[in-house]
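For reference, the structure is listed below as structure tokens.
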Amino acid sequence: AQSVTQLGSHVSVSEGALVLLRCNYSSSVPPYLFWYVQYPNQGLQLLLKYTTGATLVKGINGFEAEFKKSETSFHLTKPSAHMSDAAEYFCAVSEGAASGSRLTFGEGTQLTVNP
Amino acid sequence: DTAVSQTPKYLVTQMGNDKSIKCEQNLGHDTMYWYKQDSKKFLKIMFSYNNKELIINETVPNRFSPKSPDKAHLNLHINSLELGDSAVYFCASSRGGGAFFGQGTRLTVV
């Protein structure tokens, strides 16, 4: 079984400040981990993913995340927030790359960026 | 070209009606999914198909029936719609290691 916990349903930062969105996971096998972003009335866009190899992964729009097995975490960061980063962010886990592996999502974090 | 496309984008219908949502992907992926996003934005898997075969059916009422005529298409038919079916339904596809999502279909049952 797999699960994801996102700490903080709402995060508010000032423009130019550090963005930190927290994600902890549970998985019975080595996980694949993902961050998705959802803008209002749109679908989910993949920001970045960890499968194997380097534990620090870089994604689109200046975001990055670090896989920490000992902490079962995959927190998302961005050094400097832009107004355009305001959106809903979802962390997700899947149990590897087997055909049909399901994505299990966290409950999402709404990011607000203040001018 | 849109990678995963679903139609319609909006669907408003009365209780008791039957409706379908269509999904097509042009990514050559083997696996397609339907996810449901509720009013609190929680995403939950409903179905997964791999090479046209159903492999995940996640305790969804049997009023919901997916159909995959080929690898590139996965449609969702819903019978006897209920108020509680109101949600956003997302189609997705993958070849392992994550998924690409469509823009969603916002279903409102009145």
Side-chain angles (χ1 to χ4, degrees), chain A residues 1-6 8-11 21 23 25 27 29-53 57 59-60 65 67 74 87-111, chain B residues 2-7 9-10 21 23 25 27-60 66 68 71 74 87-106 108:
Chain A
Q2 54 193 25
S3 66
V4 174
T5 301
Q6 290 183 238
S9 58
H10 291 85
V11 170
L21 304 183
C23 172
Y25 70 90
S27 177
V29 299
Y32 282 19
L33 294 159
F34 310 86
W35 276 99
Y36 285 86
V37 60
Q38 185 178 28
Y39 298 101
N41 298 315
Q42 294 192 25
L44 282 83
Q45 181 181 8
L46 181 65
L47 274 178
L48 49 79
K49 65 181 180 182
Y50 168 80
T51 55
T52 58
V57 293
I60 62 172
F67 169 60
F74 190 58
E88 188 87 20
Y89 290 80
F90 293 94
C91 182
V93 63
S94 74
E95 293 184 340
S99 294
S101 290
R102 73 184 67 198
L103 281 170
T104 298
F105 286 89
E107 295 189 351
T109 298
Q110 178 70 47
L111 176 66
Chain B
T2 304
V4 181
S5 60
Q6 350 176 175
T7 55
K9 187 169 183 178
Y10 298 97
I21 307 171
C23 179
Q25 55 98 0
L27 299 167
H29 289 166
D30 297 326
T31 304
M32 296 186 72
Y33 307 83
W34 280 107
Y35 282 83
K36 179 180 180 180
Q37 186 173 45
D38 63 22
S39 58
K40 295 183 179 179
K41 297 193 177 178
F42 185 64
L43 283 149
K44 187 173 181 186
I45 191 167
M46 300 173 69
F47 301 104
S48 171
Y49 270 73
N50 182 254
N51 285 323
K52 301 194 300 176
E53 288 191 26
L54 178 67
I55 53 175
I56 295 175
N57 183 342
E58 193 69 13
T59 58
V60 177
S68 182
K71 270 181 25 171
L74 179 62
V88 181
Y89 293 84
F90 285 101
C91 177
S93 73
S94 79
R95 184 175 278 169
F100 289 84
F101 284 77
Q103 292 297 296
T105 296
R106 182 175 294 276
T108 303

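Throughout, protein chains are lettered first and strands after them, A, B, ... in sequence-line order, and every chain is numbered starting at 1.
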Next item on the list: Identify which part of A:Tyr50 has an atom lying under 4.5 Å from any heavy atom of chain B, answering side chain, backbone, both or neither.
Entry: neither
Item checked: Atom group of B:Glu58 that falls short of 4.5 Å from chain A, counting heavy atoms -> side chain
Only pairs under 3.5 Å count here: list side-chain donor-acceptor contacts from residues 41-48 of chain A, not counting sequence neighbours, and write none if there are none.
none

Margin query: Please classify the contact of B:Lys9 with chain A as side chain, backbone, both or neither, using a heavy-atom distance under 4.5 Å.
Written below: side chain
Notebook entry, point to check: Which atom pair, heavy atoms only, marks the closest approach of A:Gln38 to B:Phe90?
Noted result: NE2-CZ, 3.4 Å
Note to self: I need the A:Tyr36 OH to B:Phe100 CZ distance, nearest 0.5 Å.
What the structure shows: 7.5 Å
Item checked: Side chain to side chain, B:Gln37 and A:Phe105, heavy atoms closer than 4.5 Å -> no
Notebook entry, point to check: Of all residues at least two apart in sequence or in a different chain, which pass the salt bridge (Lys or Arg N to Asp or Glu O under 4.0 Å) check with B:Lys41?
Noted result: A:Glu88
Next item on the list: Can you measure from CZ (A:Arg102) to CD1 (B:Ile45) and round to the nearest 0.5 angstrom?
Entry: 5.5 Å
Check: Taking it one step at a time, do A:Leu103 and B:Tyr33 satisfy side-chain contact (heavy atoms from CB on, under 4.5 Å)?
Finding: CA-CA 10 Å; A:Leu103 281 170; B:Tyr33 307 83; over 6 Å; no
